[in-house]
Each structure stands twice: as structure tokens, then as C-alpha cells.
Amino acid sequence: QDIAGFNIGILGGENAQDRLANHECLKTYTEEALGVPVKLFAPADYNGVIQGLLGGTIDMAWLGASGYAATYLADPEAVEPVLVKINMDGSRGYYSIGFARIDSGIASLDDMEGKAFGFGDPNSTSGYLIPAIEIPQYKDGVTMAPGEYFGDVVFTGGHEQTIVAVNNGDIDAGVTWADGQGAWEDGYNSGALRKAVDAGLIDMNDLVEIWRSKEIPEGPVVLRKSLPADVKAKMIALVDGMYDADPECTYNISAGESLGFDPIDHEAYLSIIAARQSQSE
Amino acid sequence: MAHPTTHHHDSYFDLVRRKRLYGGVMLVIFVLLLASGFRLADARNAGGFWDGLPKVFDFPADVVRDTAPKLDQLPGHMLHFLPSLIETINIAATATLIGALLAIVLSLLSTRGLARWPRLIGLFRRMMDIMRAVPEIVIALVLIFVLGGGPVPAMIAIAFHTVGALGKLFSEVNENADLKPVEGLASVGSRWGQQMWLGVVPQVLPNWFSYALLRFEINVRASAILGFVGAGGIGYELKNAMSWGQGRFDEAAAIFILLFGSIVLFDQLSSHVRNGLAHKGGH
Amino acid sequence: MADAALYADADRRFARKRVIAIAIPAAILAYLVYVFLAFDISGLASRARWDNGAILLSDTWSHKVHVTRDNRAGSVSVAIEGEKKGTYPEGTAPDWVALDGETTVIELGDGHIVRFLPDNALSYEVPGFGLIRARIDGGEVVTNLDPDRLPDWISLSGTRLQITTDAGRVSLTRNRTEAFNYFPGWELFFFTLTSPYHGHTLTDILFGPRIDPERGNIAGAWHDFWNNQMWAHGQVAWAIFETILMAFLGTFGAALISLPLAFVAAKNFTPLGPLRFALRRVFDFLRGVDGLIWTILLSRAFGPGPLTGSLAILLTDTGSFGKMFSEALENVDNKQIEGVASTGARVAHRYRFGVIPQVTPVLLSQVLYFFESNTRSATIIGAITGGGIGLLLTQAMITQKDWEEVTYYIVLVVLMVMAMDSLSGWLRRKLIKGD
Amino acid sequence: MLVVEELTKRFGANTAVDAVSFTVDQPMMIGIIGRSGAGKSTFLRMMNRLTEASSGMLAFEGRDVLGLSGRARRAWQSDCAMIFQQFNLVPRMDVVSNVLHGTLGRRSTLATLFNLFPREDIHRAIDILDRLGIAEHGPKRAEALSGGQQQRVAIARALMQDPKIILADEPIASLDPMNAQTVMEALRRIHEEDGRMVIANLHTLDTARRYCDRVIGMRDGRIVFDGTPEQLTTGVARDIYGAGADFSEEATSTEIRDHAARTHTASMAAPA
Amino acid sequence: MLVVEELTKRFGANTAVDAVSFTVDQPMMIGIIGRSGAGKSTFLRMMNRLTEASSGMLAFEGRDVLGLSGRARRAWQSDCAMIFQQFNLVPRMDVVSNVLHGTLGRRSTLATLFNLFPREDIHRAIDILDRLGIAEHGPKRAEALSGGQQQRVAIARALMQDPKIILADEPIASLDPMNAQTVMEALRRIHEEDGRMVIANLHTLDTARRYCDRVIGMRDGRIVFDGTPEQLTTGVARDIYGAGADFSEEATSTEIRDHAARTHTASMAAPA
Ligand SMILES: Nc1ncnc2c1ncn2[C@@H]1O[C@H](COP(=O)(O)OP(=O)(O)OP(=O)(O)O)[C@@H](O)[C@H]1O
Ligand SMILES: Nc1ncnc2c1ncn2[C@@H]1O[C@H](COP(=O)(O)OP(=O)(O)OP(=O)(O)O)[C@@H](O)[C@H]1O
Ligand SMILES: [Mg+2]
Ligand SMILES: [Mg+2]
């Protein structure tokens with residue numbers, strides 16, 4: 001069967017206008033490859049793209065791992081993961097980093113008893129799902145229910161807001177994402193901390209890392225399952241081969257340096273899905 | 001018999017022709033705008049209108065499916081979220097109160113015939129226009145950046161917008177106020193504040209009050225919405241529950257019922273009070 | 001002397017008035033105090049980050065240029081706002097940066113001079129303070145500063161040095177040496193560095209010789225301005241249009257739908273009580289659920305985009321209009337209807353000539369008022385569904401760095417809303433008073 | 001040609017029109033007088049079928065008016081034009097359109113829904129306006145006219161119906177004396193020139209005396225007087241108005257007599 | 001004690017008051033007459049400083065009235081009470097409060113906000129109302145009173161100011177003759193008993209003749225007559241009113257003469 005158009009949903013920490021601009025090259029390539037008009041959508045939060053995928057109005061997106069799990073749990077037949085970004089060192093993961101202000105005297109989760117802790121967006125893997133599961137494993141007695149171990153647990157709304165909130169002292173510690181490469185004082189090579197440093201919002205001397213998750217798999221590029229097989233094949237080939245064909249465009253769509261994309265499948269996300277399901281209970 | 005009045009006939013037919021032409025052109029333009037606007041929006045949307053129409057109830061169905069087995073937990077959830085609801089209502093009430101008080105001052109300052117400094121009327125009007133034009137969400141986000149999350153940024157943001165919105169309505173009310181009492185008070189050597197308080201306020205208070213109530217209703221909704229961007233209250237809880245999706249829709253449903261219930265409650269309450277005012281202050 | 005009873009009565013009345021005059025402000029004050037306590041306003045003052053506010057404020061009217069040295073590779077780059085799109089071509093730099101092989105000399109102005117020295121060293125001459133020297137030694141930051149007597153504008157740890165002065169900001173870590181220089185204005189607002197028109201004045205472009213041999217000046221300049229990568233004016237214009245489109249479709253669509261429904265919900269036109277009651281509750285429901293929530297519900301069926309936003313506005317407004325229209329219909333003056341009815345006119349004609357002419361001005365003015373206020377709502381709705389200026393605006397705010405863009409968008413939104421305000425006012429006057 | 005028998009209207013416990021009977025043999029100008037609440041309006045409204053009668057019979061040229069329904073009822077309304085105290089025009093529409101509404105009983109087609117009336121009707125409407133001396137106001141909105149002019153528009157609308165009867169419910173109560181005279185004279189002329197029957201509710205005796213061929217007095221829903229203007233003595237008027245011996249006819253007068261006194265007191269009363 | 005010199009007020013090109021000069025040596029009751037637009041109101045408003053003069057001088061007991069500002073200006077307004085044609089009371093407030101407003105020139109805004117009027121002021125207000133014969137209406141809202149009563153409340157407010165001068169701008173123009181008489185008599189009594197100066201704009205000759213000690217006639221902003229009531233002949237009046245030979249004094253009269261004619265025309269004009 002044929003398709004009349006192709007819609008790409010894009011997420012990420014950059015502002016919408018930059019995101020759209022960065023994906024303009026992908027749009028051009030896709031139009032060439034599929035011969036149909038392509039539209040880009042940059043909704044404000046994960047939920048917008050997830051709803052689009054579930055409703056069948058968005059054909060392709062690059063989701064976070066938790067976002068994929070949410071989509072899968074809502075409708076296993078909606079999308080399939082096809083590709084994942086490869087980092088400069090060849091890894092396919094990143095970390096959730098817990099951090100606090102250095103002058104608060106907090107050095108680890110042990111010092112967080114009775115203090116306020118902040119997550120980002122509930123649909124974020126590193127900003128919520130993984131720390132929500134792994135932090136309680138830190139030691140006995142740690143739970144994520146407000147008022148039990150932590151004095152309060154809040155959602156700040158996103159990585160950027162978490163950083164500002166911790167820096168301001170609104171909350172005592174929070175979690176955000178980083179690639180874990182490079183040095184703490186630079187805010188690592190990439191991630192939300194690095195962006196805040198570059199923007200002049202924070203001084204890494206003021207902050208300290210208090211916790212780090214296990215490696216989190218990068219979120220997959222997903223395609224709607226009901227797309228025609230040839231469309232899927234063309235798109236996979238296009239994105240997979242992008243790094244060789246147009247490194248500049250790869251840089252743009254992966255929001256930084258990377259080694260391009262590699263194929264991946266559903267199995268890689270089983271643990272995340274299980275984690276998400278356990279959080280839903 | 002038509003002879004002496006031919007020109008009446010002609011002039012009327014001219015009028016009719018002109019009116020039909022204008023009316024027709026306006027109608028055509030409007031229909032064209034609407035139709036092409038719809039097609040454009042449809043084309044720019046991810047999903048088309050006609051394809052989406054049958055799926056309109058998918059999302060509510062998901063929510064219901066998720067909530068139905070956990071119906072017994074709803075009252076518990078509601079109780080749990082009640083403090084957030086109260087926070088939302090407090091935000092709206094405070095913002096309406098502060099906004100209305102400032103709007104009163106600004107509206108008096110910008111009403112011809114009442115203004116303390118007639119030359120500055122334009123300035124105060126522009127001020128209100130701008131306050132009205134800036135969306136609450138913008139101010140809230142800026143303030144969250146400076147003050148941190150919580151109810152205060154939302155309160156200030158809503159109050160700011162309220163000043164502009166109510167200020168305009170209030171000054172329309174003021175314009176219809178009878179100036180005779182004001183002049184009478186001016187002639188005894190009273191100050192501006194006394195003239196306003198005794199001469200204007202008693203005349204316009206019922207109308208001010210009814211507009212302020214209407215605004216309060218709107219502000220309850222606005223403060224719930226600002227919760228979506230981290231300004232606390234019930235909106236924040238709703239957003240978290242909604243965007244998690246499957247698994248927490250029961251919480252979303254509970255919050256939704258709370259929020260909707262209180263909006264309807266205030267709506268009914270305020271239209272009740274306003275009707276009462278309208279009838280009492282008939283003249 | 002008047003009757004003592006009159007005195008006593010007046011005294012009593014005035015005493016009561018006085019109590020009311022004091023009780024009402026006191027009640028309001030008490031509530032405000034309660035709220036201030038509940039919202040912890042006093043604590044807020046201490047938590048407020050005015051320096052964040054200062055960054056925001058300065059960023060709204062100024063921009064910064066990053067001079068960055070990669071301490072591992074040794075390469076130096078100059079980039080406006082540190083963005084790839086604003087990077088100066090390799091080997092070029094603005095005139096306050098001297099790229100001199102090993103050493104880079106940066107004049108921040110007011111006598112502040114920063115030098116990126118060989119071996120990952122750094123010197124910063126701060127007038128009135130002295131020369132600050134720092135370098136990376138064995139992965140550690142080593143400086144000539146006395147760690148116990150640091151001024152509060154210097155932040156120093158074993159791994160990082162940061163100096164913030166009025167002239168700019170300098171930081172040094174193992175990986176990078178960086179200097180920020182601040183300038184007023186929105187850099188690259190018209191043309192990015194890649195455009196041949198960058199740095200030319202308007203008169204140059206309009207009347208000067210051809211700058212780009214390929215294209216005419218005006219067409220070329222317009223093209224580069226419209227497609228400016230940094231500011232994306234074309235996209236922003238489209239976003240504004242999309243926002244207005246959402247408001248337009250939503251408002252007028254709702255008006256068309258609610259008009260017939262309002263007749264059904266009006267007491268004097270529909271004798272069927274239960275039907276009227278049911279319809280009124282539907283209106284309440286549509287109105288009670290905010291547009292934003294409708295947006296979320298609808299995004300499953302229609303996906304992101306302006307249509308979803310329009311439909312959300314349409315749903316809420318159908319509720320509002322339904323209620324307002326039916327109230328207007330209940331208030332119609334019966335005289336006109338009776339006048340038409342007395343000639344033996346059919347029901348349809350009674351409505352057409354007895355009802356429609358009277359309610360049109362009321363309805364029209366309500367619709368236009370909503371149209372204006374919906375352009376503002378559409379800004380917020382767009383922020384969630386992915387469309388219009390609202391999305392650009394909130395996203396630029398949430399990422400918290402592009403405050404100059406935020407300012408740009410806010411100015412545009414305010415202008416847009418004010419323009420809609422005057423347009424609707426103009427239409428109201430034209431259609432209602434004139435005719 | 002008009003027979004009214006035991007016509008009654010009850011609003012709940014209150015009987016507004018109580019077994020009214022009378023007969024009219026030929027077109028004439030009839031005035032109904034009576035004080036406020038006597039049932040005058042209710043009676044006219046029942047004739048035009050704007051209000052349903054509770055019981056009784058009303059026949060015009062053999063037509064059983066009260067039994068008509070649907071098309072026949074509308075045809076009757078078209079034959080029986082009504083003029084109201086408050087004019088009951090459509091104030092936002094132009095004068096000619098208002099007059100054209102008089103044709104709606106006969107020409108209620110789809111085209112008229114869009115305010116598209118036949119050309120010859122428009123010409124006739126303007127001619128009628130001309131006859132009433134207000135043709136030059138044709139293109140104006142009705143609300144832009146003075147009360148007297150608006151009432152003449154209402155009369156034009158009535159004439160446009162080409163009715164057999166014109167009912168006028170206190171046509172001059174909202175008008176100043178000058179305009180009142182013009183309007184009453186117009187009605188009288190229509191009666192005389194076209195031979196149409198006119199029934200007018202009036203609240204002043206002298207108007208009824210001056211313009212009518214026959215006067216019916218009502219009180220508490222019942223007819224208490226039916227005769228010629230000449231028979232209408234002050235004593236009879238006292239009965240109709242239920243007034244005591246201190247009743248002064250002048251208290252109800254609208255005649256223009258004492259010009260100087262009026263203008264200055266009128267100008268004083270207006271701003272009060 | 002009152003000196004007016006070359007007092008002028010221009011509204012754009014229009015000169016409303018044109019170089020008016022006169023002097024008053026002792027408290028008296030002065031009537032200013034002239035037809036509509038002659039500048040009477042503008043003159044009084046300038047005296048009270050409700051309208052700023054364009055040029056000229058006005059001094060009262062040596063005080064340069066036009067140069068005052070701020071507190072001194074308010075003190076002058078407090079000394080110079082004003083009574084308006086439309087009473088200019090606060091209609092929704094009770095009568096006693098309205099009278100108390102006369103003391104506002106001396107009260108702070110905050111005290112006003114909380115309704116803190118001293119007890120003795122309240123009692124004095126009631127005494128004044130009593131003097132004017134309306135003490136029993138004290139608790140009623142001002143709007144619930146008849147026009148004549150409202151004007152007396154306005155006079156009470158003026159007396160509450162304990163003023164040196166009372167300015168009255170057509171105080172009886174909105175009143176019926178009965179009430180007009182009461183109000184004029186009250187003003188006259190105040191003048192005679194308290195010795196306050198009263199300046200009243202009047203639009204009728206006979207009132208001015210009957211109550212005033214001195215009459216000033218204005219026409220087109222200028223003083224065209226200044227003398228005793230006795231000097232005010234019909235010829236002079238013709239000058240003032242700019243009327244031709246057909247001028248009848250009675251056309252401007254408010255005296256109570258023909259009661260029956262008045263009441264019925266007044267009742268008719270009201271609904272127009
Ligand atoms: N729709 C109605 N419902 C109830 N009672 C009514 C209604 N219309 C009229 N009445 C009552 O019927 C009685 C006669 O009223 P009607 O209007 O016919 O009197 P009228 O002679 O025309 O008086 P007016 O001079 O005030 O117009 C009055 O008591 C009135 O209150
Ligand atoms: N605020 C104003 N702006 C412009 N012109 C004014 C203003 N007030 C009064 N005038 C003009 O000044 C002239 C004198 O007016 P004024 O009201 O003093 O006359 P008057 O003698 O009191 O007349 P009336 O008997 O109608 O009250 C008139 O031509 C009037 O139009
Ligand atoms: Mg009647
Ligand atoms: Mg005057």
C-alpha cells in the first residue's frame with residue numbers, strides 16, 4: 001500500500017525552533033527517499049509524541065527509552081524500535097546523575113534523609129524512571145514516597161528545571177542526564193548539565209555528584225508498525241547510512257557528536273519496559 | 001402615483017444593491033477564510049480531521065479502561081489531591097483579589113472624567129493593554145526561573161494578567177458612571193481618593209463585583225493550567241498523572257473529577273451571585 | 001435641636017457602617033495573610049535568585065561571544081552564543097580577539113585583558129585588582145590567588161576556576177579555557193555570519209552595489225533574513241500565523257456550531273425542559289474542561305498540529321458560546337417577534353426577522369471579544385500541542401538560555417494580541433454600529 | 001361583518017376579558033376605552049390570534065376566526081393587521097424592510113428569509129410610506145426615527161398587509177401630542193379612503209370622541225359602554241374609569257390646547 | 001468682600017465668560033440671569049475652582065482665589081459651597097452621609113475610607129436637615145427622595161461646609177413649582193439668618209425679582225445688566241434674553257399659576 005505523507009516527531013532538550021531547524025536535512029532526505037511530503041512536529045513534551053504514535057498520526061520518532069516503554073505498554077502493536085544512536089566511544093548508553101549543591105554538605109544519598117529530592121519529567125528515563133527504581137536499591141529504607149526517606153519528592157517538569165531548582169536551593173538534590181564522559185567540572189561532554197554550564201546558568205564548582213545510575217540504553221528511533229514494509233526499509237536505510245552520507249546532518253539530528261545510528265530491536269528495552277510496568281503498579 | 005417619488009425608489013434600490021453587495025462579499029470572504037483556514041490547518045496537522053474523527057474517544061476510553069477496575073481507589077486519590085486543589089483555588093482567589101484591587105486603581109486612573117492625571121490616561125491604558133496581552137504562562141515561566149517553582153509565580157502571573165483584563169472591563173463600567181456625584185464632592189473641596197470612594201465606587205461596585213467573579217472563574221482554570229508548567233497546584237498533579245499515561249489514569253481521572261467539579265461549582269456559584277446582583281442593583 | 005431619637009438612630013447606623021467598613025478590609029487582609037503564610041512568601045524572598053533574574057534581564061538585550069580553547073587539542077574557536085550556527089570561520093575572529101599562534105589575546109573592554117597562554121595557562125588582568133594567573137598542572141587548576149582571601153566574584157576549586165566580572169566571564173578547567181564577552185543587541189538578528197549581507201547597512205543593501213553577484217541585493221537579503229538560521233524569522237512568522245489561525249477557526253467554528261444549539265437551550269424557544277437541561281450540562285462540561293486538557297485528549301485522534309489546537313478551542317468555546325448565546329436569546333425583546341408574528345409570518349420568519357436582528361450585535365460582539373482573547377489562549381494551547389508561537393516561546397523559556405529569543409517572541413505575541421484587539425474592536429464598531 | 005360572542009380570556013384566576021359580545025355591520029372606526037388592566041389589549045390580541053381565547057366566538061365575514069389554524073390562521077393574521085403601542089418594529093432593519101414584513105403572511109418563501117423581497121412589493125412599500133409622508137426615511141434604520149415616525153412605519157407595515165381590519169393597541173400612548181395627532185389622522189384617513197375597519201384601543205376620552213364612529217368602554221374585562229361618541233358623557237366616562245366625583249376629563253387629555261404652558265412644563269419634566 | 005476683575009474663560013475659540021467684572025461689598029443674595037449658554041454656570045464653576053479660568057482675577061476677602069492650589073484650594077472650596085441643578089448627591093448613600101460629605105474638605109482620605117465621621121458632625125448634619133424640614137428622611141437613600149427634597153439635602157450639604165458663600169447653579173430648574181418655592185425660600189432664609197452670601201444662577205426673571213437683592217444679567221459671556229430687582233424691567237429682560245418684541249415673560253416663569261394645565265401636560269411628557 002501507499003502512504004500519503006510521512007510525519008516525524010522530534011523530542012529533546014533544545015528549543016523547538018532549533019529542533020525543527022536541525023531536522024530540516026532529515027526532512028529533505030526523507031522526502032527524496034519516500035517521494036511524499038514530510039512534516040516535522042516538535043511537541044512540548046514526551047506525551048505529545050507518544051499520543052501521536054499511538055494514534056497513528058506520527059510515523060517516526062526518536063523516543064527516550066521510557067517513552068518507548070510507555071508506548072509499548074499502551075499498545076504493543078503501535079511502534080517498533082529500529083535504530084539507536086552510537087556515542088563517540090562506541091557505547092549506546094548514558095547515565096542518570098544525582099547532584100546537589102556543594103555548600104549543602106550533601107555528598108551522597110546517605111545525607112539526603114529528610115531532604116527534598118527532584119525528578120524531571122515523569123516520562124523521562126533518566127529524569128524519573130531509572131532513578132525511581134535504582135535509588136531505592138541504594139540501601140534499606142530508601143523509598144521514593146514523599147515524606148518517607150526523602151522529606152519531599154517532586155517533579156520539576158524537565159532536566160533544565162531540575163538543574164535550576166537544585167542550583168537555587170529549591171530542592172536539595174535532583175537527577176538529570178549526562179553521557180558520563182569527560183569531566184564533572186565541565187558538566188561532562190554532553191547532557192543537561194553541560195548545556196546549563198554553556199549557557200552560563202551554573203558553575204560546576206557549586207555542585208557535586210551524589211549518585212549515578214547504571215548505564216541506561218539510549219532511546220530508540222521508532223517506526224509505526226503498520227507502515228508499509230518498503231517504507232520502513234527505506235527509512236532504516238536512510239538513517240542508518242546517514243553518518244556516512246552526511247555527517248553534518250547526523251550531527252544535527254543527534255544533537256551533537258556521535259557515530260551515527262545502528263539497528264536495534266525490542267529485546268534491548270525489555271528491562272526498561274519491566275521497570276516502567278513496575279512503576280505503574 | 002410612483003411618479004413624484006421616483007427618487008425614493010431609486011435611492012432605496014441603490015441602498016439595497018449596495019447592502020447586498022457588501023453583505024455578499026463579506027459572506028464570501030468569511031466562508032473562504034474559514035474553509036481555506038480549515039484546509040490549511042488540516043494539512044499542517046499530523047493527523048487529518050476526517051481520519052481522526054472516529055478515534056476521538058480512544059483516549060477517554062483508555063482512561064476509563066484504566067480507571068474502571070480501580071474505582072474503589074478514586075475517593076482515596078481525591079482526598080490525596082485535595083490540598084493541591086485548595087492551593088490552586090488559593091492561587092486563583094489571591095490573584096483575582098490583588099488583580100482586581102490594582103485594576104480598580106488603574107481603571108479609575110484611565111477613565112476620562114475621573115482620572116487623577118488626565119494627561120496620563122493614554123499611558124495607563126497602554127499599560128493595561130500590555131498587561132492583558134502577555135499570556136500568563138510567559139510571566140509564570142520567567143518567575144519560576146527567578147523564584148523557583150511553586151504557587152507564587154502562578155499567582156503573580158495571573159494577577160498581572162487580571163489587572164489588564166479587569167482594568168479594561170472596569171474602565172468601561174466607570175465610563176458609564178454618573179459624574180454628577182463626583183462633581184458634587186469635588187465642589188466641597190474633597191480629595192481625588194474621596195471623590196472616587198464616595199462618588200464612583202458605590203455606583204459601579206456591583207458591576208465590578210460581577211466582573212471580578214467571572215474573572216475568578218477563569219482564573220481557577222488558569223491556575224490549574226499553569227500547574228502544567230511547574231507552578232504547583234492541581235494542574236501539576238494532573239500533568240504528571242496524564243503524561244505517565246497507562247497505569248496512572250485512575251489518578252488522572254480523580255484529579256480531573258476534582259478539578260471539573262470545582263470549576264462547575266464556582267461557575268454555578270458565581271452566576272448565582274451575579275444574577276442576584278443584577279436583579280438587586282437593577283437601576 | 002433635632003429629636004434625640006434621630007441622633008441615637010443615626011449614631012447606631014454610623015456605628016454599624018463603621019464596623020462594616022473595617023470588617024471587610026480586615027477579612028480581605030486576613031485571607032491574604034493566610035495565603036502568604038500558606039505560600040511561604042517570606043521564605044520565598046530568601047530563595048529567590050535575583051542573579052538568575054539578572055542573567056535573564058541582561059540576556060534579553062545582550063548577547064555573548066564565547067572564545068573557547070580546547071585544552072587537549074589546543075584549538076581556539078569563537079562563537080556567538082557558543083552556537084555552531086554562530087561560529088566564526090576557522091582562523092577568523094572579531095577584532096577584540098587576537099589569534100596569535102600559541103597565544104590568544106582577548107580584550108574584554110575597560111582594560112580587562114585575558115590571555116590564553118601556551119601550556120593551558122591563562123592570565124587575566126583585572127583593573128584595580130591585579131593580574132590573575134592560572135594554569136592546569138597535572139589535571140589540577142593552579143593559580144596565584146590566595147585561596148583563603150578570594151573575592152566573591154572568583155570561584156575556585158581544584159578542578160575549576162571561574163571569574164565573573166562586569167566585563168565578562170572567564171573559566172578554566174582541565175578540558176577547556178573559555179572567555180565570554182558580552183555585547184548589547186541581538187546579534188545576527190538580520191543575517192548570520194554565513195550570509196554575504198552580514199555587517200552591511202540597510203542603505204548599502206538597498207542602494208549600494210550588488211553584494212552577492214548571484215542575486216539582487218533586495219531579494220538576496222530578504223531571502224537570507226527570512227531564512228536566518230539563528231532567528232528563523234520565516235518560521236516565526238508562520239508560527240504567529242498558525243496561532244491566529246487556531247484562534248480564528250476555533251472561535252468562529254464554535255460560533256457556527258453553538259448558534260443553532262443555543263436556540264435549543266433557550267427557554268423561550270425550546271419548551272422541552274429535559275433536552276434543555278441536558279444541553280446546558282453539555283455546555284458546562286465543554287466549558288469546564290479547559291482547552292488545554294481538550295488538547296491533550298484530542299492529540300490521540302488528530303496528533304500534534306494546529307488543527308488539534310483549533311478543535312480544542314472550538315470545544316471550550318462551544319460551551320461558552322452555547323451558554324452566552326442561549327442567555328442572549330432568553331433576553332430577546334418579545335415586541336419585535338410579536339410585531340412580525342402579527343402579520344401572519346411563519347415561525348422561521350419570526351426567528352429571522354424578530355430574533356436574529358436583535359441578537360446579532362450581542363453575539364457578534366461576544367464572538368469578536370473571544371476571538372481576541374483566544375489568540376492569547378492559542379499561544380498556550382500551541383505550547384502543548386506543538387504549533388504556533390506558543391511552542392517556540394515556551395520551549396525557548398524552558399531551555400533557559402535563549403532569553404533574547406524569548407524576548408523577541410514575547411514582543412511578537414504582545415503585538416499580535418494587541419493587533420487582534422484592535423482588529424476585533426474595529427470589526428465590532430464596523431459591523432454593529434455601522435452596517 | 002364582525003361578530004363577537006361571549007369572548008372570554010382567563011389568566012389563571014384572573015379574568016382579563018369577560019364574556020365580551022358585540023357586532024359590527026360595516027367598516028367603521030371603533031375606539032375601545034378603559035383604564036389600565038381593563039382588558040383592551042387582551043381583546044385585540046385575541047382578535048389577531050396572538051393570544052388564544054379561553055372561550056367564546058369571534059367571526060369575521062363568516063370566518064370563524066378562533067378556530068383557524070396553520071395556513072388559514074396566518075391568512076387571517078394577514079387580513080387583520082396589528083399596530084402596537086411600542087411600534088414593535090425591527091429597530092435594526094431599514095424602514096422599507098420593516099414595511100415589507102407586512103407581506104410575510106402571504107409570501108413567506110425561502111427568498112424572503114434572505115431578505116429578498118419581490119420588486120413590486122418594494123415599490124408598493126415605498127408608495128405606502130409616501131402616502132404617510134415618510135418616504136424619504138425609507139433607507140434609514142427604524143431605530144433612527146422618532147416615535148411618531150416609527151408608528152407611521154408600523155401603520156405602513158399594516159397597510160402593506162392590505163388588511164380588512166386594522167387593530168391598533170394604544171397607538172399614540174408613547175407619542176407626544178403633536179405626533180399623536182399625526183398618527184390618529186393617518187388612521188382616520190386610511191379608514192375613510194380605503195374603507196378598512198379600524199379598531200383602536202385608546203386611553204383618552206377626547207381622542208376617542210374626535211376620531212371614532214363608535215366607542216366601546218371596558219371595565220374589568222366587561223363592556224360597560226357601547227355607543228356613539230356623542231353618548232359618551234362625563235358621567236359615562238366616570239363609570240368607565242371607575243373614578244369618583246373629582247374625576248376631571250382633562251387628566252386624560254392629549255389634545256393640544258395651551259401651547260405656552262405645555263412647552264415649558266414639558267421641558268422641565270424631561271430631565272427629571 | 002468679593003472682587004471679580006476681567007474674569008474670562010475660553011473653550012477653544014468659544015469665549016464662555018468674557019471679561020466679567022463686578023464687586024460685592026457685603027453679604028447679599030445675588031441672582032445671575034441669562035439665557036442658556038450665556039456663561040452663568042461657567043462663571044460659578046470658576047468661582048468654586050471646578051473649572052480653571054483662562055484669565056482675570058477673583059478675590060474674596062483678600063484671598064486671591066484663582067491662585068490657590070492644593071490644600072489652600074480645597075480650603076477655599078470648603079468656604080464656597082456649590083449647589084447644582086441636578087443636586088449632584090451620591091444617590092445610593094443615605095441622606096445624612098450625603099450631608100456629611102460637606103466636611104470632606106477637612107477629613108483625610110483614610111478616615112473617609114473607614115467612614116469615621118465624628119459624632120458631633122453627625123448630630124450637626126441632623127440639625128441642619130431638621131432646619132430644612134427633612135430630618136426624618138435622614139436614614140433614607142438620597143435617590144429615594146423627591147427632587148425638592150434632594151435639593152434641600154444638597155443645601156444641607158452646603159451648610160455643613162459652614163461656607164462664607166453659597167453658589168447655586170440653577171437650583172430650581174429641575175423642580176416643580178411647589179418644590180422650587182420651598183428651595184428658594186430655604187436659600188433666602190439662610191442668607192437672612194446666617195448672613196451668608198448667596199449667588200444663584202436663575203433662568204427665570206420672576207424668581208430673581210422675588211428673592212434677590214441684586215441681579216446680574218449675562219448675555220454671551222458678558223454682563224449686560226447689574227442692578228436691583230426693581231431696575232429689571234421687561235425692556236431690560238428683552239435685552240438680556242435677546243428676544244424680540246414678542247417676548248413674553250411668562251414663557252420663563254416657574255410661578256405657580258395654572259395647576260390643572262401643568263399636571264396633565266407634565267404627566268404626558270414623561271413617557272416620551
Ligand atoms: N400574559 C398574561 N398573563 C397573565 N395576566 C395577563 C397577561 N396579559 C394580561 N394579563 C392581565 O389581564 C388583565 C388585562 O390586561 P390588558 O393588558 O388586556 O389590559 P389593558 O386594558 O390593555 O391595560 P393597559 O392600558 O395597561 O394596556 C390585566 O389584569 C393583566 O394583568
Ligand atoms: N466643558 C466645556 N467645553 C467646551 N465648551 C463649554 C464647556 N462648558 C461650557 N461650554 C460652553 O460655554 C458656553 C457657556 O456655557 P454655560 O454652561 O456656562 O452657560 P449657562 O449660562 O450656564 O447655560 P445653561 O442655562 O444652559 O446652563 C456655552 O457656549 C457652552 O457650550
Ligand atoms: Mg394594553
Ligand atoms: Mg448652566
Region of [X] in contact with chain B, defined by heavy-atom distances below 4.5 Å:
X: C/V35; value: side chain
X: C/I41; value: side chain
X: C/T308; value: both
X: C/W294; value: neither
X: C/T394; value: both
X: C/L32; value: side chain

Can you tell which part of [X] gets under 4.5 Å to a heavy atom of chain C, answering side chain, backbone, both or neither?
X: B/L147; value: both
X: B/Y22; value: neither
X: B/L53; value: both
X: B/I86; value: side chain
X: B/D51; value: neither
X: B/Q268; value: side chain
X: B/V220; value: neither
X: B/L33; value: both

Say you draw a straight line from CD of C/E242 to CG of B/L40; how long is it, rounded to the nearest 0.5 Å?
8.0 Å
Distance (rounded to the nearest 0.5 Å) between C/L311 CG and B/N45 CG
8.0 Å
Exam field: side chain C/D290 to backbone B/R221, donor-acceptor pair closer than 3.5 Å:
no
Under 3.5 Å, is there a donor-acceptor pair between the side chain of C/D284 and the main chain of B/V264?
no
Answer whether the closest heavy-atom distance between the side chains of C/D421 and B/R132 falls below 4.5 Å.
yes
Hey, are the side chains of C/L249 and B/L34 touching, using non-hydrogen atoms and a 4.5 Å cut-off?
yes
Please find the pair of heavy atoms, one from C/L307 and one from B/F38, that lie closest to each other, and give the distance.
CD1-CE1, 3.9 Å
